[in-house]
Amino acid sequence: MSSRLRRLVVDGREFTWSGRILQVAGERDCHRCVRLRSWGAGRNSRALQADLLSRAVLPWGCATDSEYPHPADVRKVIEYALSRGWDPVPAGGTFFLSEAEHGSAFESDRFLLTDRLRDAAAPDPTTRVLRAFDEKRTGSPGTDSPGTGLPGTGAQRSSEDRSGSTAPARDSGSPEL
């Protein structure tokens, strides 16, 4: 199956990019991952590759969401890579935006970088997604213990979370026993 190539202009230069939808397994959940590849001087030029992990938190166990990079997301990745030394002109090779090297500096509202597709020993994507969710929700850096209390994630609600009960919802028409 061929992948659709898209075009994007960044700082007056045309880039071609494609995204391949994949799934990455975490310790407690599965997550959508999109392998983004971009070229700035034709298909034979040095490629940029970034494995983008969706930040979506789903309440139903091992299922992935429908996130796919928008042009604004791709622009952010390309601008970041150019600022970190990616030269798209030379022929051949790939410039990887790895989680290990760039994960803490790369910022996106919808995606994190992950190495799990290339390295099974890379950090757990579930822990990273839940930590990013907590940081966005509370506005402060998270910890290694997720604490979202969302069903299906295996996480426990933290003692500071007062957003509601962890008990399952009941039908309001059901008599209480």
Side-chain angles (χ1 to χ4, degrees), residues 6 8 10 15 17-38 48-86 94-166 168-169:
R6 294 158 174 88
L8 179 69
V10 176
F15 290 87
W17 66 277
S18 68
R20 182 172 168 217
I21 300 170
L22 301 163
Q23 177 175 302
V24 63
E27 300 299 321
R28 300 171 302 234
D29 211 346
C30 300
H31 305 275
R32 177 172 276 221
C33 188
V34 178
R35 175 161 283 168
L36 176 70
R37 292 189 49 89
S38 180
L48 164 64
Q49 180 173 310
D51 293 334
L52 302 176
L53 176 67
S54 171
R55 292 176 64 145
V57 175
L58 302 176
W60 54 77
C62 200
T64 62
D65 59 285
S66 61
E67 288 288 3
Y68 192 79
H70 296 166
D73 300 312
V74 176
R75 176 183 308 280
K76 194 174 283 191
V77 171
I78 290 172
E79 288 173 343
Y80 178 86
L82 289 169
S83 73
R84 296 304 194 271
W86 175 44
T94 303
F95 183 88
F96 292 101
L97 283 184
S98 69
E99 170 189 353
E101 189 175 346
H102 302 280
S104 61
F106 176 76
E107 293 184 18
S108 170
D109 290 337
R110 299 175 55 226
F111 296 99
L112 302 168
L113 293 174
T114 185
D115 289 341
R116 188 56 80 97
L117 288 177
R118 295 185 308 129
D119 178 7
D124 177 29
T126 303
T127 301
R128 295 186 62 234
V129 167
L130 292 175
R131 184 181 313 130
F133 176 81
D134 277 347
E135 288 174 5
K136 186 174 184 178
R137 185 174 56 95
T138 64
S140 63
T143 64
D144 284 341
S145 57
T148 63
L150 294 171
T153 63
Q156 297 299 312
R157 188 175 298 275
S158 73
S159 60
E160 296 177 11
D161 187 348
R162 306 202 193 296
S163 60
S165 170
T166 59

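Keep in mind the model is a prediction, meaning the values are calculated, not measured. The analysis underlying the following values was restricted to heavy atoms, covering all of them including side chains, and did not include hydrogens, waters or symmetry mates.
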**Q** Report the C-alpha distance between E79 and V10 in whole Å, list the side-chain angles of each, state the deciding distance to 0.1 Å, and finish with yes or no for side-chain contact (heavy atoms from CB on, under 4.5 Å).
**A** CA-CA 8 Å; E79 288 173 343; V10 176; 3.8 Å; yes

**Q** Is the side chain of R20 donor-acceptor paired with the backbone N or O of R35 at a distance under 3.5 Å, no angle test?
**A** no

**Q** Specify the closest pair of heavy atoms between L113 and S98, including all atoms of both residues, with the distance to one decimal.
**A**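 Minimum heavy-atom contact is CD1-O, 4.0 Å.
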
**Q** Between A100 and D115, what is the shortest heavy-atom contact and its length?
**A**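 Result for this residue pair: N-OD2, 3.0 Å.
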
**Q** If you compare all heavy atoms of C33 against all heavy atoms of V24, which two are closest, and at what distance to 0.1 Å?
**A**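 Where C33 meets V24 most closely, the heavy atoms are CB-CG1, 4.1 Å.
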
**Q** Please state whether the rings of W86 and F15 are parallel, tilted or perpendicular, taking 30° and 60° as the class boundaries.
**A**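 Rings of W86 and F15: tilted, 30 to 60°.
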
**Q** Can you see which heavy atom on P125 is nearest to which on A25, and at what distance?
**A** CG-O, 3.7 Å

**Q** What's the separation between atom CZ in R32 and atom CG in L52, rounded to the nearest 0.5 Å?
**A**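 The CG atom of L52 is 12.0 Å from CZ of R32, to the nearest 0.5 Å.
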
**Q** Just how far is it from atom CZ of R55 to atom CZ of F111, taken to the nearest 0.5 Å?
**A** 10.5 Å

**Q** How long is the straight-line distance from NE2 of H31 back to OG1 of T126, given to the nearest 0.5 Å?
**A**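 Reported value, rounded in 0.5 Å steps: 3.0 Å.
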
**Q** Less than 4.5 Å apart, any side-chain heavy atom of R75 and any of L8?
**A** yes

**Q** Heavy atoms only: give me the nearest S54-V129 pair and the separation to one decimal.
**A**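 Smallest interatomic distance, heavy atoms only, reads O-CG2, 3.4 Å.
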
**Q** Aromatic rings F106 and Y80: how do their planes relate, parallel, tilted or perpendicular, breaks at 30° and 60°?
**A**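 Taking Y80 first and then F106, their aromatic rings stand perpendicular (interplane angle over 60°).
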
**Q** Starting at OG of S104, measure out to CG of L112 and round the result to the nearest 0.5 Å.
**A**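 Taking OG in S104 and CG in L112, the distance rounds to 11.5 Å.
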
**Q** Locate the shortest heavy-atom distance separating G26 from R116; write the atom from each residue and the value.
**A**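 Taking G26 first and R116 second, the nearest heavy atoms are CA-NH1, 4.3 Å.
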
**Q** From R6 CZ over to S38 OG, what is the distance, rounded to the nearest 0.5 angstrom?
**A** 12.0 Å

**Q** Do R28 and L130 have side chains that approach each other closer than 4.5 Å (heavy atoms only, starting at C-beta)?
**A** yes

**Q** Taking only residues two or more places apart in sequence or in another chain, which ones pass side chain to side chain donor-acceptor pair (under 3.5 Å) with D73?
**A** R110

**Q** Could you state the interatomic distance from CG (L117) to CG (D51), rounded to the nearest 0.5 Å?
**A** 4.5 Å

**Q** Between R84 and E101, is there a salt bridge with N-O shorter than 4.0 Å?
**A** no

